[in-house]
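Letters go in sequence order (proteins before strands), and every chain restarts at 1. Keep in mind it's a predicted model, so treat the numbers as computed, not measured.
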Amino acid sequence: MATMTAPTTEWLAARGWKAFPFQRGVWREMARGHSGLLHATTGSGKTLAVWLGALQTLADTEVPLTVLWVTPMRALSQDTLLALQDAAATLAPHWTLAARTGDTSTSERAAQQRRWPTALVTTPESLSLMLSRADAPEVLKRVRLVVVDEWHELLGSKRGVQLQLALARLRRWNPALMTWGLSATLANLDEAAETLAPGAVIVRGAQDKKILIDTLLPARIERFAWGGHMGLTMLPAVVKHIDAAASTLVFTNTRSQCERWFQALLEARPDWAGLIALHHGSVDAEARRWVEAAMKAGQLKCVVCTASLDLGVDFLPVEQVLQIGSAKGVARLLQRAGRSGHAPGRRSRVTLVPTHSLEIVEASALRAAVQAGHIEPRRPPDAPLDVLVQHLVTVALGGGFRPDELLAEVRSAPSYRQLSDEAWQWALAFVRHGGESLRAYPDFQRVVPDDEGVWRVPDARLARRHRSNIGTIVSDAVMSVQFLTGGRIATVEESFIARLRAGDVFLLGGRALELVRVEGLTAYVRTAKAGQALLPRWGGGQLPISDTLAGAMLERFDEAAQGRFSDAEMRFVAPLLTLQAEWSALPGAQRLLAEVLDSNEGRHLFLFPFAGRTVHLGLASLLAWRAGRDTPATFTMAITDYGLELLSATPIDWAAQLRALLAPVDRATLREEVLASLNASELARRRFREIARIAGLIFHSHPGEVRSQRQLQASASLYFDVFREHDPDNRLLRQAEAELLSAELDVDALGRALARMAAQTLDLRQPARPTPLAFPLLIERLRERVSTESLAQRLARMLAELEAAAGGDAPAVDVGSRLAFGDVQDKPASHRTRRRRR
DNA sequence: GACCTGCTGCGGGATG
């Protein structure tokens with residue numbers, strides 16, 4: 001047995017590490033057996049700090065599974081394993097280390113089980129799978145330390161909740177278990193620490209990362225920003241910027257934007273072929289691994305990517321990061337900036353590339369927020385029953401449980417601290433026989449108490465099915481896109497391919513492809529000529545800008561209102577803001593701006609709460625619903641991250657009514673009103689699919705079987721209807737509604753926004769024409785109504801006339817004549833994506 | 001021919 005002493009400064013220096021004070025802080029806390037949360041800037045040596053602490057504290061014991069190291073990504077597991085092995089080779093050569101994820105081969109798994117390694121690197125899902133082993137208690141009770149890497153990534157999701165339940169289990173088996181989280185900085189560090197482990201100490205690591213944030217400003221200011229969000233007008237400047245550095249990571253917000261930019265860069269610089277690559281969630285895994293390796297080896301000049309490279313392989317050679325379009329939040333920007341200069345003492349550099357004028361204000365706001373240390377919080381989900389139900393079956397497989405004991409354990413997981421007895425009984429009944437409406441079906445009698453009162457899974461087939469469906473990530477069914485000759489290219493949502501016909505051309509994986517035929521869940525393609533392609537649209541989440549960022553923007557507007565333009569970005573947009581102030585007013589932290597404008601379409605209300613598009617969607621529906629309660633009226637709405645538009649044919653007296661319509665109400669009333677104002681049951685039905693999957697009602701996969709999206713949606717929908725008719729109190733139904741309100745509509749944020757607006761001065765203006773702030777909303781709504789061709793023409797005309805008016809020599813524009821829709825046929829929004837060039 | 005919005009992450013194992 002080797003006993004380790006603290007590594008010497010020389011030992012650390014030889015590996016390029018300085019002994020930072022926070023590292024000693026971690027070692028001291030560990031020596032006392034404390035749990036903790038270590039937060040520090042990326043690339044500051046968090047991993048080594050905790051690992052060295054583990055070696056010092058635990059190296060004189062060498063039992064199987066002394067340390068579990070949990071990472072959110074398989075790719076990270078491999079990297080982490082190598083880093084841990086390096087230090088252990090010198091300091092604890094008697095330790096064995098291994099990784100275990102979905103990538104681990106059957107033979108490796110078998111070898112691990114014959115002799116568990118001292119330290120195991122794994123994922124939350126693989127940890128849950130280990131809990132489902134019959135010998136889980138014997139094997140896992142020896143764990144003395146769990147390290148959770150990138151805890152901020154897991155904290156706010158059901159994956160984090162699943163991990164909380166696993167930790168609660170390990171803690172019951174070993175009450176002295178230490179838990180250490182590694183995290184980026186968050187607004188709610190206390191909550192993050194407490195959610196990880198009760199009483200965890202917070203250790204602040206190195207925060208001295210130098211981050212340089214600058215903005216690529218366009219050649220001239222567009223006072224009426226409408227130019228889409230692709231940002232390709234910035235191409236020449238971006239090319240120049242990439243050219244000037246050895247290596248660049250270009251972040252885009254969407255996969256289609258990623259594809260489009262990659263093509264555009266290649267067209268601009270054909271000599272970069274082979275030197276630039278693209279990387280996003282739909283690109284084939286093999287191709288992604290190649291890109292990561294090539295970037296790491298310094299063979300690539302530039303990678304265009306989405307959030308797929310937010311985490312992951314640490315690219316030492318990355319010199320700079322470009323962010324095309326809004327970063328949406330302070331934490332996201334920091335995360336991305338941290339991809340460059342990823343080593344202690346090195347500087348990160350991120351350059352923002354705005355795709356419309358207001359994003360230049362965002363850029364200024366982002367820098368201010370970073371300087372002030374304002375970073376978004378991440379909040380754990382509250383007692384999701386689908387995750388609990390899955391966990392119950394897992395535990396029943398992993399040695400079985402007695403309900404009373406398990407209840408205490410589950411309540412020790414912070415997300416379930418308030419779990420009611422009724423909810424617990426419901427969850428038990430659900431795994432026992434599927435709840436009231438499913439009693440008749442043996443497939444839902446998953447867990448049964450034996451003679452001694454221990455609940456177990458008696459059926460080997462159900463056990464196997466459960467294991468192959470463990471996890472909380474529910475993604476849409478995707479089709480694999482392959483060449484006729486067999487090479488896999490990428491995956492796209494079934495719905496995208498379903499819209500195409502043989503012969504159609506689309507851009508994917510950096511290539512123009514022609515669809516040949518579809519077989520099952522595979523689409524066969526051949527190479528087509530570039531230049532005439534449809535862009536795939538993937539079904540994705542919507543990313544509203546964060547409260548933190550929106551708040552920072554309002555502060556910028558306040559400064560502008562006082563005539564202060566404190567940085568290059570604000571000076572650049574000064575003409576836009578000045579015009580806005582002239583024609584109407586600027587919004588501000590204490591001032592809620594509303595604009596009312598009449599056209600021959602009707603009366604437009606523009607409101608600028610700066611609360612992000614999710615909140616604006618709920619708010620627009622709520623306003624329309626409240627307004628229509630007294631006087632029947634039909635509204636058309638548009639939303640952006642900055643504001644909303646309500647258009648009514650009837651001349652609503654907004655000046656008299658708006659204040660009252662924005663009145664805050666208590667939480668329960670607000671939830672009722674929001675549900676009433678939307679097509680809530682359809683939205684909840686969609687939400688229910690995820691819950692049904694996690695709770696084990698429907699199955700993502702049986703080994704050797706692939707099911708299409710349509711099948712899954714159909715069966716989820718069936719359960720939804722059955723429950724609603726025969727079991728209306730079903731708690732999974734209620735959860736779907738609650739998640740719709742919280743996760744999708746963010747009704748609590750809406751409540752906060754209403755409260756904030758009530759405290760603001762309402763500044764209602766009646767401008768003669770659409771203002772720079774209103775213009776994007778006008779466009780947003782037009783986009784939904786008219787074809788792109790005529791939209792472009794109309795916009796060009798509107799813009800020319802608004803610019804003329806802004807120039808000062810033109811008479812006030814009669815907006816009505818500009819907005820006449822007589823020449824335009826209304827079309828469903830989907831036509832925009834169906835359009836084909838012939 | 002210009003125009004295009006909408007992210008990421010995981011996952012079996014008994015038997016021969």
Could you give the [atom1]-to-[atom2] distance, from [X] to [N], as a whole number of Å?
| X | N | atom1 | atom2 | value |
| --- | --- | --- | --- | --- |
| A:Gln113 | B:dT15 | CD | P | 13 Å |
| A:Gln257 | B:dG6 | CD | C1' | 9 Å |
| A:Leu309 | B:dG9 | CG | P | 9 Å |
| A:Arg378 | B:dG9 | CZ | C1' | 12 Å |
| A:Ile470 | B:dG12 | CD1 | P | 9 Å |
| A:Glu150 | B:dT8 | CD | P | 17 Å |
| A:Arg613 | B:dT5 | CZ | P | 11 Å |
| A:Lys158 | B:dT8 | NZ | P | 20 Å |

- Should A:Arg289 and A:Glu292 count as an ion pair when the cut-off is N to O under 4.0 Å? no

- Task: Output yes when A:Asp443 and A:Arg461 qualify as a salt bridge under the 4.0 Å nitrogen-oxygen rule, no when they do not.
- Result: yes

Report which part of the nucleic acid [X] touches: base, sugar-phosphate, or nothing (heavy-atom distance under 4.0 Å, all strands).
| X | answer |
| --- | --- |
| A:Ser126 | sugar-phosphate |
| A:Arg332 | base |
| A:Arg100 | nothing |
| A:Leu129 | sugar-phosphate |
| A:Thr252 | nothing |

- Task: Determine the minimum heavy-atom distance between A:Asn469 and A:Arg693, stating which atoms define it.
- Result: O-NH1, 3.3 Å

- Any donor-acceptor N/O pair, A:Glu150 side chain to A:Leu182 backbone, under 3.5 Å: no

- Query: Does A:Arg109 make a side-chain N or O approach to OP1 or OP2 of B:dG12 shorter than 4.0 Å?
  - Reply: yes

